[in-house]
Each structure stands twice: as C-alpha cells, then as structure tokens.
There are 2 protein chains.
Amino acid sequence: MQPTATQATEHPQLTPSPRQQAVLDVVLSLMVEGDDPLTMDAVARRASCSKETLYKWFGDRDGLLVATVRWQASRVHAGREAVGALDAGTLRDILRDFAASWLAVIASRTSVALNRIAIADAGSRKSNLGGIVLANGRFAIGERVKPVLEAGRAAGLLAFDDSEAAFRTFFGLVGRDIQIRLLLGDALALDAAGIQSDAARAVEQFLALYGQAKP
Amino acid sequence: MQPTATQATEHPQLTPSPRQQAVLDVVLSLMVEGDDPLTMDAVARRASCSKETLYKWFGDRDGLLVATVRWQASRVHAGREAVGALDAGTLRDILRDFAASWLAVIASRTSVALNRIAIADAGSRKSNLGGIVLANGRFAIGERVKPVLEAGRAAGLLAFDDSEAAFRTFFGLVGRDIQIRLLLGDALALDAAGIQSDAARAVEQFLALYGQAKP
DNA sequence: GGCGAACCGTACCGTACGGTACGCACTTTT
DNA sequence: AAAAGTGCGTACCGTACGGTACGGTTCGCC
C-alpha cells in the first residue's frame with residue numbers, strides 16, 4: 001500500500017466519502033422504487049458513475065449492498081437519551097417515543113425494501129445482510145429500550161425479572177402483524193396519526209402488563 | 001378441449017394430481033434446503049421429470065411457485081373447532097393451542113423458506129405470492145381465532161370492542177420478534193418445550209389485557 | 001506545460017437460468 | 001398391431017446480469 005491514501009477507498013468502509021454516499025443513496029432510491037431488479041448497471045447509470053468504480057469502491061455486488069445497509073443504519077440512530085430520574089409520566093412518554101419511531105421505521109418504504117433484500121439473501125447464505133439488518137434494527141432498539149425499562153424498574157414503576165423478555169413483549173405489542181404484512185406486500189396504510197395512536201395503545205398495554213402501582 | 005381429460009392438466013390448479021403433488025413436494029424440499037437458487041432445472045432433475053412437463057403443468061416459474069404455496073397451505077389447515085359453550089379453562093386451552101400451533105408454523109423451516117420467497121417476489125410485483133401467503137397465514141388464523149374471541153366475549157370472559165384489534169394484539173404477543181428474526185437468518189432455536197411455554201405466556205398476557213372476571 | 005491518478009462511458013465476456021424443441025420409451029385406445 | 005398420447009432426458013436458444021477491460025476526459029500536483 002502506498003502512503004497516498006487520504007481516505008480508505010478500499011472495501012472496508014469507514015464512513016463513505018460524499019460521492020460514495022451519493023451512490024449509496026441511489027441504491028436506496030432504486031430499492032424503494034423496486035421496479036427494476038436492482039442491477040449494477042442500473043446503479044451505475046443512475047449514479048452517473050462507471051461500473052468499474054463501483055467495483056473498485058465496494059468490491060462486488062454484495063459489498064455494495066452491505067455498504068448501503070450500513071449507510072442507512074448510520075442515519076437512523078439519531079438521539080440517545082440519558083435516562084435520569086423517572087416518573088410515571090416521563091416513562092410513558094419515552095416508551096411512546098420509542099414505539100412511534102420504531103413504527104415509523106418499519107412502515108417506511110426504505111425499511112421494507114431493505115428488509116426484503118436482506119431476507120431474500122438470508123435464504124442464499126453468503127454475506128449476512130440479515131445479520132446486519134437485525135443488529136441495526138431489532139437488536140439496536142432493544143439495547144436502547146432495555147435501559148429505560150430497567151430505570152423504570154429501579155424507580156418502582158415496572159416489575160419484571162428479565163428485561164430482554166419484557167422488551168420482546170413490548171416489541172410484539174408495538175409491531176404486531178405490521179411488519180410481516182408490509183413485507184408480504186399488503187397495502188396497510190399507516191399515517192402519522194395512526195402511528196401515534198398505535199404507539200400509545202401499545203404502551204398502555206405494556207404498562208398494564210408490567211406496570212406497578214407506586215409502592 | 002377434447003373430452004379426454006380426467007383431471008385438469010392445465011395451469012388452473014384444482015387439486016394437483018399425485019404426480020404433481022410429488023413435484024410440489026420436491027419444490028418445498030429444495031426451498032427448505034436453500035443451498036441452490038431454486039432453478040427449474042433443479043426441480044426437474046430432482047423430481048425426475050422434464051422441464052417441458054413442468055411448463056405444461058404449471059405454465060411458468062411463477063405458476064409453479066403459486067401452486068407450491070397453495071399446496072403447502074392446503075396441508076396446514078388441519079382441524080377446525082366448533083366453539084360451543086366456553087368456560088375460562090377451555091378458552092385458555094383453545095388459545096394456547098392456537099398460539100402453539102402458530103409458533104410451530106412460523107418456526108418451521110418450510111414456513112421460513114416459503115415466506116422468504118414470497119417476500120422476495122413481493123418486492124418485484126408480478127404474481128402476488130405475498131398475498132397468497134398472507135391469506136393462508138396471518139389472515140387465515142385470524143379468521144379462526146376471532147370467533148373464539150367473540151365466543152369468549154359472549155360468555156363474559158373477554159372484553160373488547162373490536163375483535164380484529166384484539167386478535168392483532170394476540171398475534172403480537174405470540175409472535176413478538178420471532179418471525180422477523182428467523183426470516184433474517186437469526187439462529188434462535190425454538191423447541192417444542194419453548195413453544196409451549198411461549199404460548200402459555202402469551203395467552204396469560206392476553207387474558208390479563210382482555211380477560212374479565214366472571215360477572 | 002507535462003504527468004499521473006481518479007473516474008466516466010461503453011463495449012465486452014462468461015455464465016446462469018427461463019423457456020422451447022425434439023427424440024425416444026412406455027402406456028392406452030381402437 | 002397400429003396409432004395416439006404422455007412424459008422423460010437432453011440439447012438448444014435468448015437474454016439478463018455480474019464482473020472486467022479500455023479509451024478518453026478532468027483534475028490536482030510537480
């Protein structure tokens with residue numbers, strides 16, 4: 001390796017360059033439109049770059065997909081709240097926020113398209129896109145929600161033994177059949193108002209199951 | 001059409017012949033193994049039939065997939081219980097049965113493979129495999145559970161306004177993150193004992209939310 | 001101004017796969 | 001026994017797509 005490189009142009013992706021980000025956004029656009037089978041040609045054409053550059057930057061088709069998933073994931077993890085003192089009202093608010101933002105994610109066309117691709121390739125082994133999507137989706141939100149649940153327990157607002165199990169229940173109450181229906185192509189419109197009310201309903205149910213009257 | 005036909009050899013599938021069923025079982029096997037990309041050649045070779053026959057029977061690749069999904073669906077709808085008089089114990093038992101059998105379905109390798117295929121093609125429009133899978137999965141079980149819930153309400157054991165909404169909560173409590181994790185390739189072993197305890201837990205939670213003390 | 005790197009556009013190659021054609025064997029009908 | 005039908009095996013065709021090669025252009029650097 002010559003010492004000329006100012007940024008890694010090799011496949012190991014440590015923050016893509018702006019130009020590369022533009023390419024990845026093109027990939028996301030094509031995924032969402034979904035009309036064509038997401039071919040390397042289509043990406044190159046739409047991104048106004050040559051296929052050779054694509055292969056130089058991302059190695060192969062799989063590398064491009066992985067980079068795209070990571071890129072999308074990097075812009076989702078937005079706020080990270082420190083949980084301080086909790087009362088029942090703020091706990092409810094925080095959980096509602098999590099529920100609503102999670103619903104917004106899984107209902108977004110981007111998420112649906114991305115998950116479809118990852119699921120399809122999870123069937124044919126090779127680069128585990130599925131693992132990456134899981135790590136940045138289901139498990140990432142789990143790691144963010146569980147501290148909140150534990151803080152709620154510490155404050156005497158919640159009662160459970162296993163925060164993982166409690167979170168999984170929360171996850172089920174929020175998502176229900178929405179994700180699988182969208183993945184399978186069901187129409188199921190979910191607007192902002194619907195998301196808010198769904199989130200509120202899920203949180204009330206969760207609190208009914210795990211909440212505990214102030215001791 | 002000549003009056004020779006003893007069974008429909010055309011694409012409209014009204015119960016496939018035994019030979020055709022064998023072919024569809026081969027397709028299911030190949031889906032489950034998942035090592036090869038499910039090519040028509042592979043099906044023909046494994047089923048010891050010619051591709052020409054495949055095309056004559058099923059029209060095209062899509063028709064073969066649709067027939068396979070229907071075939072699999074036809075063997076899943078097993079018992080259909082008539083709901084008579086309900087007490088709390090039998091309601092709990094019936095719901096546990098539904099939950100456990102649903103978990104067994106979504107955790108089966110066949111279901112995972114089938115859903116992956118359906119989801120992949122839901123991305124590229126054309127023959128809505130996704131719709132068929134939904135109709136025979138999520139919606140079929142909904143139509144079977146809702147009468148039970150309504151009978152429970154009639155018996156004064158459950159309280160809800162909308163049986164569809166109640167069922168969706170039930171669905172979420174049972175499935176939680178299991179299906180999406182399996183679809184995305186997560187290991188997540190779920191044995192018979194785990195299914196039973198998961199089902200029992202989900203039912204208790206559901207009853208905690210919707211149950212009502214005998215009036 | 002000259003040199004090299006990066007990169008676009010396009011042409012090209014190999015292969016995998018959906019779909020078709022055809023020859024042969026076996027069974028059923030007349 | 002001949003004729004017709006059904007279906008297996010194999011060869012074949014067209015095309016789409018992943019991946020590579022190459023000429024031409026722009027841009028930064030000495």
Side-chain angles (χ1 to χ4, degrees), chain A residues 1-11 13 16-24 26-27 30-31 33-68 117 120-121 123-127 129, chain B residues 1-11 16-27 30-31 33-68 117 120-121 123-127 129:
Chain A
M1 288 294 152
Q2 315 220 9
T4 73
T6 60
Q7 75 237 7
T9 56
E10 259 71 33
H11 342 136
Q13 58 298 339
S17 73
R19 182 73 178 95
Q20 291 171 336
Q21 295 178 11
V23 170
L24 298 180
V26 163
V27 176
L30 290 176
M31 280 181 179
E33 300 173 16
D35 303 322
D36 1 81
L38 190 55
T39 169
M40 296 296 277
D41 266 309
V43 174
R45 210 174 321 119
R46 179 83 146 255
S48 292
C49 72
S50 74
K51 286 209 289 176
E52 194 169 18
T53 303
L54 247 39
Y55 284 102
K56 181 150 116 188
W57 283 348
F58 304 105
D60 58 1
R61 196 187 117 103
D62 252 12
L64 178 62
L65 293 181
V66 169
T68 303
I117 305 243
D121 116 341
S124 24
R125 85 255 156 274
K126 62 185 176 187
S127 83
L129 274 189
Chain B
M1 289 290 155
Q2 316 220 10
T4 74
T6 60
Q7 75 239 5
T9 56
E10 258 71 33
H11 342 136
S17 74
R19 182 74 179 98
Q20 292 171 336
Q21 295 178 10
V23 171
L24 298 180
D25 281 330
V26 163
V27 176
L30 290 175
M31 280 181 180
E33 301 173 17
D35 303 321
D36 0 82
L38 189 57
T39 167
M40 297 296 277
D41 265 308
V43 174
R45 210 173 321 121
R46 179 83 145 256
S48 291
C49 72
S50 75
K51 286 209 291 177
E52 194 168 19
T53 303
L54 248 37
Y55 284 102
K56 180 150 117 189
W57 283 348
F58 304 104
D60 57 2
R61 197 186 116 101
D62 251 13
L64 178 60
L65 293 180
V66 169
T68 303
I117 304 243
D121 115 343
S124 22
R125 80 261 156 269
K126 63 184 176 186
S127 84
L129 275 188

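Computed from a predicted model, the values in this text were never measured in an experiment. Just so we're on the same page: letters track the sequence lines, and every chain starts at 1.
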- Between the CG atom in B/D60 and the CG atom in B/D62, the distance rounded to the nearest 0.5 Å is 5.5 Å
Using whole Å, what does the distance between atom [atom2] of nucleotide [N] and atom [atom1] of [X] come to?
X	N	atom1	atom2	answer
B/R46	D/dG9	CZ	C1'	18 Å
A/W57	D/dG19	CH2	C1'	17 Å
B/L54	C/dG19	CG	C1'	11 Å
B/K56	C/dA21	NZ	C1'	14 Å

Could you list the protein-to-nucleotides 14-18 of chain D atom pairs, N/O on both sides, closer than 3.5 Å?
from   : atom 1 : to    : atom 2 : distance (Å)
D/dG18 : OP1    : A/R61 : NH1    : 3.1
D/dG18 : OP2    : A/T39 : OG1    : 2.8
D/dG18 : OP2    : A/M40 : N      : 3.0

- So which of B/L30, B/D25, B/L24, B/I117 actually passes side chain to side chain contact (heavy atoms under 4.5 Å, CB included) with B/T68? B/L24
- Query: Heavy atoms, side chains only, cut-off 4.5 Å: are A/V43 and A/R61 in contact?
  - Reply: no
- Message: Using side-chain heavy atoms (C-beta onward) and a distance below 4.5 Å, is A/L65 in contact with A/L38?
- Response: yes
- Query: Okay, side chain of A/D121, backbone of A/S124: is any donor-acceptor separation there less than 3.5 Å?
  - Reply: no
- Message: From C-beta outward on A/R19, which listed nucleotide comes closest to its side chain: C/dC8, C/dC7, D/dG9?
- Response: C/dC8
- Nearest-nucleotide pick for A/E52, side chain only, options being D/dG9, D/dG7, D/dA21: D/dA21
Minimum-distance pair of heavy atoms, taken over all atoms of [X] and [Y]:
X	Y	answer
B/A44	B/K51	CB-CG, 3.8 Å
B/F58	B/V23	CE1-CG1, 4.1 Å
B/C49	B/L54	SG-CD1, 3.4 Å

- Task: Enumerate, in order of first residue number, the stems that involve DNA chain D, defined as 3 or more consecutive Watson-Crick or G-U wobble pairs with both distances under 3.5 Å.
- Result: C:1-30 with D:1-30
- Answer yes or no: does a side-chain N or O of B/S50 lie under 4.0 Å from OP1 or OP2 of D/dG9? no
